[in-house]
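This report concerns only the one structure given below.
Values below: all heavy atoms of this structure, side chains included; hydrogens, waters and symmetry mates excluded. Sequence positions, counted from 1, serve as the residue numbers for this chain.
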Amino acid sequence: MSDVSLAKTIENTTPTAEKTKIQPKEGFFLSRTKMNCRWTLRAAKGRWMVNISQQCSHGSIGLFVPPSPPLDPEKIRELQRFITLSKRLLVMTGAGISTESGIPDYRSEKVGLYARTDRKPIQHGDFLRSAPVRQRYWARNFVGWPRFSSLQPNPAHWALSNWERLGKLYWLVTQNVDALHTKAGSQRLTELHGCMHRVLCLNCGEQIPREVLQERFEALNPTWSAEAHGLAPDGDVFLTEEQVRSFRVPSCRCGGPLKPDVVFFGDTVNPDKVDFVHRRVKEADSLLVVGSSLQVYSGYRFILTAREKKLPIAILNIGPTRSDDLACLKLDSRCGELLPLIDPC
C-alpha cells in the first residue's frame, strides 16, 4: 500500500468531527461535588439514564493535570523560534494533551492512574483469552462511555488543528485513543494506538461505531444498573465484580468477540502503520512532542528515528520524559496554556 493510499485509509476509518460530536442523551445530568467522581447508571421507563456526580466538567482541568511552574517568557520565545524555523513539523501527542479535556492519564505524578490507585490497565492477552475479562471490560466501558464520548477538544487540540490548516504542521501522530484531534478537525493524522470510537470483531474483522454497540448493550441489559467511583484513562470506570457478573455482552453477527479498535497493553502496533510513521518522521525537518513521557516504546522509537536523522526535537510535557537528553528544548507547561500562544506563521 502506498503512502498516499495508507494515509487515505487512516483518514477514512477515523470518525469525522460530525460523527464523534455525540450529544448527551435525555436523562444525562451533571452535578458537582468537592472530592470524588461517581456515576449511577440505570434503566428507567425504557431508556437509560446516567446520573453523574463528579469534580469533572469545568473542574476536571485541575483534577487530572499535574502542577506546573508559571509560564517562562524566555521558554515561550524559544518554542516560538523552534516553530518558526520548522518547515515540515511533525508533532507527536500523548495523554498529557487530553488531561485538560478531563481524561486522566497513567503516569502523571499524584494525578495519574498509577499514582491514584493500584489498578492496572487491561492486558491484550487477558482480553483475548478470557470471556469474564471481556465482560468486566465492557461493563466498565459501558458505564463510562456517555461521559468519555461527550468530551471535547481543549485549546491545545485546536491550536494543532490550526497549525495544520495554515500549513505549518506536516503530520500529527497521536498515542491517544480519544478522537479529540479528529473532533478538532485534524486530518493529517495517524492514530498510533487506534480509536475508542470504533469497535472491531476479532473473528471476521468487521468494524462498527462504538455508539452502535452502546445501543446493543442497552437492549441486552434493560434492568441492569451500576454505580462506579473513579475514572480510568481509556473511557472505562471502576465497578465491583458483583456488579459486572450479570452484565450481558453482545457478539458480532458472525458470533465472534468484539474489541475496541485500540492497542491494549501487551499488544503491538500494526507494522504497516509503524513504517508509515517512520517515513513521515524521515520527511520532517523537526519534531515536537506534546504531552507524552515517551515511556512506551511504540512512541519512543520515533524519537530514535528523529535522532538518527539529526532532527531538532522539542518536548512539551509536565515532568521528565524518556528523551529529555535528546531534546534541544524542554518545556514543563500545560499544553493548552502554551500552544495557543505560538504563532505558526
Item to complete: Verify whether the ring centers belonging to Trp138 and Phe217 lie closer than 6.0 Å.
Response: yes

Discussion item. I'd like to check the salt bridge (Lys or Arg N to Asp or Glu O under 4.0 Å) partners of Arg210; sequence neighbours left out, ordered by chain and number.
Written reply: none

Discussion item. I'd like to know whether Val143 forms a side-chain contact (heavy atoms from CB on, under 4.5 Å) with Trp224, so could you lay out the CA-CA distance, the side-chain angles of the two residues, the decisive distance to 0.1 Å, and finally the verdict.
Written reply: CA-CA 11 Å; Val143 176; Trp224 186 83; 3.8 Å; yes

Practice prompt. Quick one: do Ser323 and Ile313 satisfy side-chain contact (heavy atoms from CB on, under 4.5 Å)? Show the steps, please.
Written response: CA-CA 9 Å; Ser323 299; Ile313 300 170; 6.0 Å; no

Discussion item. Check this for me: Arg248, atom CZ, are more than 12 non-hydrogen atoms of other residues, nucleotides or ligands nearer than 6.0 Å?
Written reply: no

Worksheet entry | side-chain contact (heavy atoms from CB on, under 4.5 Å) between Trp163 and Ile83, worked out | CA-CA 10 Å; Trp163 292 9; Ile83 298 302; 3.8 Å; yes

Worksheet entry | pair Leu311-Ser286: side-chain heavy atoms closer than 4.5 Å | no

Discussion item. Filter on side-chain hydrogen bond (donor to acceptor under 3.5 Å, both in side chains), then keep only pairs touching residues 311-322, sequence neighbours left out; what's left?
Written reply: Thr321-Asp324

Worksheet item: So, Gln207 side chain and Arg198 main chain: donor-acceptor pair closer than 3.5 Å or not?
Response: no

Worksheet entry | Check: Ile342 and Phe82 side chains under 4.5 Å, non-hydrogen atoms | no

Worksheet entry | Any donor-acceptor pair under 3.5 Å from Asn176 side chain to Gly94 backbone | yes

Worksheet item: Would Glu191 and Lys273 satisfy salt bridge (Lys or Arg N to Asp or Glu O under 4.0 Å), going step by step from the backbone distance to the final call?
Response: CA-CA 9 Å; Glu191 293 171 319; Lys273 185 179 291 188; over 6 Å; no

Worksheet item: Charged N to carboxylate O below 4.0 Å: is that the case for Glu308 and Arg301?
Response: no

Discussion item. Classify the ring geometry of Phe264 against Phe127: parallel below 30°, tilted from 30° to 60°, perpendicular beyond 60°.
Written reply: tilted

Practice prompt. Just jot down the side-chain contact (heavy atoms from CB on, under 4.5 Å) partners of Ser251, sequence neighbours excluded, or say none.
Written response: none

Discussion item. Please check: side-chain N/O of Glu100 versus main-chain N/O of Asn154, any donor-acceptor pairing under 3.5 Å?
Written reply: no

Worksheet item: Listed by chain and number, what are the side chain to side chain donor-acceptor pair (under 3.5 Å) partners of Arg245, not counting sequence neighbours?
Response: none

Practice prompt. With sequence neighbours excluded, tell me which residues meet side chain to side chain donor-acceptor pair (under 3.5 Å) with Ser186.
Written response: none

Worksheet item: Any sub-3.5 Å donor-acceptor pair from Ser292's side-chain atoms to Leu294's backbone N or O?
Response: yes

Worksheet item: Do Val199 and Leu220 share a hydrophobic cluster (ILVMFWY, side-chain heavy atoms under 4.5 Å, transitive)?
Response: no

Worksheet item: Does the side-chain contact (heavy atoms from CB on, under 4.5 Å) test come out yes or no for Ile315 and Leu326, once each step is laid out?
Response: CA-CA 9 Å; Ile315 299 176; Leu326 303 179; over 6 Å; no

Worksheet item: Who are the side-chain contact (heavy atoms from CB on, under 4.5 Å) partners of Leu71, not counting sequence neighbours?
Response: Ile76, Ser333, Glu337, Leu338, Leu341

Worksheet item: Ignoring hydrogens and geometry, is there a side-chain-to-backbone donor-acceptor pair from Arg134 to Leu128 under 3.5 Å?
Response: yes

Worksheet entry | Under the salt bridge (Lys or Arg N to Asp or Glu O under 4.0 Å) test, residues paired with Glu78 that sit two or more places apart | none

Worksheet item: Under 3.5 Å, is there a donor-acceptor pair linking the side chains of Ser149 and Glu211?
Response: no

Worksheet item: Would one find more than 12 heavy atoms of other residues, nucleotides or ligands at under 6.0 Å from atom CD of Glu242?
Response: no

Discussion item. Among residues at least two apart in sequence or on other chains, which ones pass side chain to side chain donor-acceptor pair (under 3.5 Å) with Thr305?
Written reply: His278

Item to complete: Taking the six-membered ring of Phe276 (Phe, Tyr or Trp), confirm whether the NZ or CZ of Arg280 is under 6.0 Å from its centre and within 45° of its axis.
Response: yes

Response to the item:
Sorted by chain and number, sequence neighbours left out, salt bridge (Lys or Arg N to Asp or Glu O under 4.0 Å) with Asp275 holds for none

Fill in: Closest heavy-atom pair and its distance - Pro146, Gln214
CD-NE2, 3.9 Å

Discussion item. With a 4.0 Å cut-off on N to O distance, would you call Glu206 and Arg253 a salt bridge?
Written reply: yes

Fill in: Note, Asn221 side chain near Phe142 side chain (heavy atom, < 4.5 Å)
no

Worksheet item: Considering residues at least two apart in sequence or located in another chain, which fulfil the side-chain contact (heavy atoms from CB on, under 4.5 Å) criterion with Pro132?
Response: Ser130

Worksheet item: Donor-acceptor pair, Arg88 side chain versus Glu283 backbone, under 3.5 Å?
Response: yes

Practice prompt. Report yes if some heavy atom in the side chain of Ser86 is under 4.5 Å from a heavy atom in the side chain of Tyr170; otherwise report no.
Written response: no

Practice prompt. Look only at the side chain of Lys75 and the backbone of Leu329, and say whether a donor-acceptor pair between them is shorter than 3.5 Å.
Written response: no

Practice prompt. Taking the side chain as every heavy atom from C-beta outward, state whether Val173 and Val281 have any pair of such atoms under 4.5 Å apart.
Written response: no

Worksheet item: Residues in salt bridge (Lys or Arg N to Asp or Glu O under 4.0 Å) with Lys330, at least two apart?
Response: Asp332

Worksheet, complete the sentence: So NZ of Lys282 and CZ of Phe302: to nearest 0.5 Å the spacing works out to 10.5 Å

Practice prompt. Using atom types as modelled and distance alone, determine if a side-chain donor or acceptor of His193 lies under 3.5 Å from a backbone N or O of Gln175.
Written response: yes

Worksheet item: Within the side chain of Lys309, is there an N or O that forms a donor-acceptor pair under 3.5 Å with the backbone of Ala284?
Response: no

Worksheet item: What pairs with Asn203 under side chain to side chain donor-acceptor pair (under 3.5 Å), at least two apart in sequence or on another chain?
Response: none

Worksheet item: Counting only N and O atoms by type, is there a donor-acceptor contact under 3.5 Å from the side chain of Ser150 to the main-chain atoms of Arg147?
Response: yes

